[in-house]
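Take a look at the structure below.
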Amino acid sequence: MIILSAGAWSKYLINVKLPVKTYYCWASLFLSKKKEVGSNIIYDYVNNFYSRPVIGLGFPLAIMGDGKAIETTPLQQNICIEDKNEVSARISRRLGEVKELYTSGSFCEATPDMRPAYGKIAENVYFIGGFNGYGAEVGPGLAHVLVEEILSKKEDTYFTEYRLERLNGYDGNFEIGQEPHEL
Ligand SMILES: Cc1cc2nc3c(=O)[nH]c(=O)nc-3n(C[C@H](O)[C@H](O)[C@H](O)COP(=O)(O)OP(=O)(O)OC[C@H]3O[C@@H](n4cnc5c(N)ncnc54)[C@H](O)[C@@H]3O)c2cc1C
């Protein structure tokens, strides 16, 4: 049995068409003068950025970014982050002076409805992915659902909205939407 869970790479590892698009996303580690950033998650829909505390011990350190999807394949190297200064300026509009300490990014994959997907794609082959930039939060939960289904040999009836079949007919040709933070 194979569970294909290689994130943005999954799409490029098999000959089955997956209804996902891949993109690059970056974030920066910031030092702020506001100690609140060290213990609060912020979604700023006016200045368009998000912030997450680092470690959660209350230090005024946070990972921040705009969550913007730069459409590309995970085979792409040296991706240019063009709007970093502009994002910093927007963050400062809300939080005052911030100091960028480190910036990095990686590849994610999106689905047409910006919700994750799991299901069977061939005999003894399952897929889980499409985490649209929030897989650290919901990935383990959905993995649990998939494993339960496989072990019990019974289809889950509660999380049906995340079943891969809902995306039948999509081949990866769609516009990447907005990350649903309230999922
Ligand atoms: C800058 C940034 C900020 C983010 N912020 C958040 C956040 O605040 N909250 C949140 O919930 N999520 C966040 N995410 C998204 C989260 O990281 C992803 O949704 C999550 O990592 C997806 O998990 P995954 O296991 O599906 O894929 P990945 O974590 O990408 O794991 C896939 C793994 O498969 C490996 N792989 C690839 N090909 C093969 C192969 N052939 N054989 C074996 N292994 C292979 C890859 O190397 C990789 O390690 C962020 C992502 C980025 C880039």
Side-chain angles (χ1 to χ4, degrees), residues 1-28 41 43 45 48-50 52 63-84 86-87 90 103-151 153-183:
M1 183 176 296
I2 295 168
I3 299 178
L4 181 61
S5 59
W9 291 264
S10 292
K11 183 182 163 122
Y12 304 96
L13 292 174
I14 50 163
N15 282 330
V16 176
K17 276 205 167 143
L18 290 175
V20 296
K21 234 180 179 179
T22 56
Y23 64 91
Y24 181 83
C25 174
W26 61 272
S28 300
I41 286 178
Y43 288 119
Y45 296 106
N48 290 318
F49 74 92
Y50 69 88
R52 296 177 193 283
I63 305 270
M64 305 187 204
D66 65 352
K68 205 163 110 190
I70 302 168
E71 277 186 35
T72 184
T73 76
L75 312 169
Q76 183 71 40
Q77 290 179 341
N78 303 325
I79 293 171
C80 174
I81 302 171
E82 285 168 354
D83 49 357
K84 201 165 68 169
E86 198 236 310
V87 175
R90 280 193 266 128
T103 294
S104 187
S106 189
F107 302 95
C108 298
E109 89 276 42
T111 54
D113 60 6
M114 299 302 282
R115 264 122 179 99
Y118 77 101
K120 197 170 181 174
I121 51 173
E123 204 44 45
N124 287 330
V125 185
Y126 294 83
F127 166 77
I128 182 164
F131 284 109
N132 298 282
Y134 50 84
E137 290 150 67
V138 303
L142 203 63
H144 184 73
V145 174
L146 173 61
V147 168
E148 280 297 309
E149 266 203 23
I150 295 171
L151 293 180
K153 299 192 173 74
K154 273 197 222 119
E155 278 199 3
D156 181 273
T157 51
Y158 191 72
F159 293 98
T160 49
E161 63 188 296
Y162 301 130
R163 299 200 72 85
L164 187 62
E165 300 91 88
R166 77 182 189 279
L167 302 172
N168 282 351
Y170 285 99
D171 63 356
N173 195 10
F174 57 86
E175 292 262 307
I176 297 181
Q178 190 72 34
E179 198 181 305
H181 295 129
E182 298 79 16
L183 190 77

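The model shown is predicted, which means the values in this text are computed figures rather than measured ones.
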Donor-acceptor pairs are to be reported for all side-chain atoms of residues 167-177 against protein atoms at under 3.5 Å, with residues two or more places apart or in another chain.
unit_1, atom_1, unit_2, atom_2, d
Asn168, ND2, Glu165, O, 3.4
Asp171, OD1, Asn173, N, 3.1

Go through Ile79 and Tyr23 one step at a time and tell me if the side-chain contact (heavy atoms from CB on, under 4.5 Å) criterion holds.
CA-CA 11 Å; Ile79 293 171; Tyr23 64 91; over 6 Å; no
Compare every heavy atom of Gly7 with every heavy atom of Glu109, then report the nearest pair and how far apart it is.
OE2-O, 3.3 Å
Would you say Phe107 and Thr72 make side-chain contact, with heavy atoms under 4.5 Å?
yes
Per-pair distances, 0.1 Å, donor-acceptor, side chain in residues 117-126, under 3.5 Å, sequence neighbours excluded:
unit_1, atom_1, unit_2, atom_2, d
Tyr118, OH, Glu149, OE2, 3.0
Tyr118, OH, Arg163, NH1, 3.2

Which of these passes side-chain contact (heavy atoms from CB on, under 4.5 Å) with Ser10: Val16, Leu4, Thr22, Ile128?
Leu4
How close do Arg90 and Asn48 get, counting heavy atoms only, and between which atoms?
NH1-O, 2.7 Å
Residues Tyr134 and Pro116: closest non-hydrogen pair is OH-CD, 3.3 Å
Over all heavy atoms of both residues, which pair between Gly135 and Pro140 is shortest? Give the atoms and the distance, please.
O-CD, 3.6 Å
Under 6.0 Å from the CD atom of Glu86, do we count more than 12 heavy atoms belonging to anything else shown?
yes
The reported gap from CZ in Phe127 to CG in Leu18 (rounded to nearest 0.5 angstrom) is 5.0 Å
Between atom NZ of Lys11 and atom NZ of Lys17, what is the distance when rounded to the nearest 0.5 Å?
8.5 Å
When rounded to the nearest 0.5 Å, the distance separating OG1 of Thr157 from CD of Glu155 is 9.5 Å
Of all heavy-atom pairs linking Pro19 and Pro112, the shortest is O-CD, 3.3 Å
Scanning both residues in full, the closest heavy-atom pair of Ser28 with Trp26 reads OG-CZ3, 3.4 Å
Show, in sequence, the C-alpha distance, side-chain angles and deciding distance for Arg166 and Thr111, and conclude whether the side-chain contact (heavy atoms from CB on, under 4.5 Å) test is met.
CA-CA 11 Å; Arg166 77 182 189 279; Thr111 54; 4.2 Å; yes
Rounded to the nearest 0.5 Å, how far apart are CD1 of Ile14 and CH2 of Trp9?
15.5 Å
Indicate yes or no: at least one non-hydrogen side-chain atom of Tyr24 is less than 4.5 angstrom from one of Lys68.
no
Heavy-atom distance under 4.5 Å between the side chains of Leu146 and Phe159, does that happen here?
no
N/O donor-acceptor pair under 3.5 Å between Lys21 side chain and Glu71 backbone
no
With the side chain counted from C-beta on, respond yes when Glu148 and Asp156 share a heavy-atom pair under 4.5 Å apart, and no when they do not.
no
